[in-house]
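We count residues from 1, following the sequence as given.
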Amino acid sequence: MTYRGHIQNGVVVFDGGAPLPDGTIVNVEPVSANQTSAKREGSSLVERLKGVVGSIDDLPADFAAQHDHYIHGVPRR
């Protein structure tokens with residue numbers, strides 16, 4: 001589980017609080033403002049991959065159903 005927060009007077013303050021008991025050991029990883037705004041703007045997988053979706057236009061018509069055959073050489077189903 002990941003909790004978001006910010007530093008206030010040198011102390012980590014969780015946004016909306018966090019149901020963690022006193023003494024819980026946590027890891028804190030600083031995140032740049034660019035990273036947080038990018039996640040908010042394109043949080044879904046489709047939004048993050050929109051730059052590559054549809055970029056290959058010469059795949060076989062049955063590629064979605066037979067991708068294991070084309071990628072790994074598995075016999076067709």
Side-chain angles (χ1 to χ4, degrees):
M1 167 129 320
T2 301
Y3 297 98
R4 288 246 176 234
H6 59 279
I7 302 296
Q8 183 175 342
N9 296 322
V11 177
V12 176
V13 177
F14 292 107
D15 299 337
L20 301 172
D22 287 345
T24 299
I25 297 172
V26 297
N27 292 320
V28 177
E29 179 182 352
V31 180
S32 73
N34 291 341
Q35 288 174 313
T36 56
S37 63
K39 280 196 168 197
R40 270 186 251 119
E41 291 171 8
S43 58
S44 76
L45 182 59
V46 172
E47 290 171 343
R48 286 181 279 161
L49 294 177
K50 68 181 172 187
V52 296
V53 171
S55 61
I56 301 175
D57 56 9
D58 60 347
L59 293 175
D62 64 344
F63 184 81
Q66 299 295 335
H67 66 276
D68 283 341
H69 168 71
Y70 290 110
I71 296 172
H72 306 292
V74 173
R76 290 178 189 258
R77 294 192 264 163

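- With hydrogens and angles ignored, the 3.5 Å screen pairs a side-chain donor or acceptor of His69 with a backbone N or O of Val74.
- Each of Ile56 and Val53 belongs to its own hydrophobic cluster when Ile, Leu, Val, Met, Phe, Trp and Tyr are linked at side-chain heavy-atom distances under 4.5 angstrom.
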Distance-only check: which donor-acceptor pairs under 3.5 Å involve side-chain atoms of residues 15-26, not counting sequence neighbours?
unit_1 : atom_1 : unit_2 : atom_2 : d
Asp15  : OD1    : His6   : ND1    : 3.0
Thr24  : OG1    : Pro21  : O      : 2.6

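- Not a single side chain to side chain donor-acceptor pair (under 3.5 Å) links Asp57 to another residue, sequence neighbours left out.
- Heavy atoms from other residues, nucleotides or ligands lying under 6.0 Å from CG of Leu59 number more than 12.
- Within the 4.5 Å cutoff, the side chain of Ile7 has no heavy atoms near those of the Val13 side chain.
- By the criterion of side-chain heavy atoms lying less than 4.5 angstrom apart, applied directly or through intervening Ile, Leu, Val, Met, Phe, Trp or Tyr residues, Phe14 is not grouped with Val11; the two fall into different hydrophobic clusters.
- Counting all heavy atoms, side chain and backbone alike, Arg4 lies closest to Val31 at NH1-CG2, 4.2 Å.
- With sequence neighbours left out, the side chain to side chain donor-acceptor pair (under 3.5 Å) criterion links Tyr70 to Asp62, Arg76.
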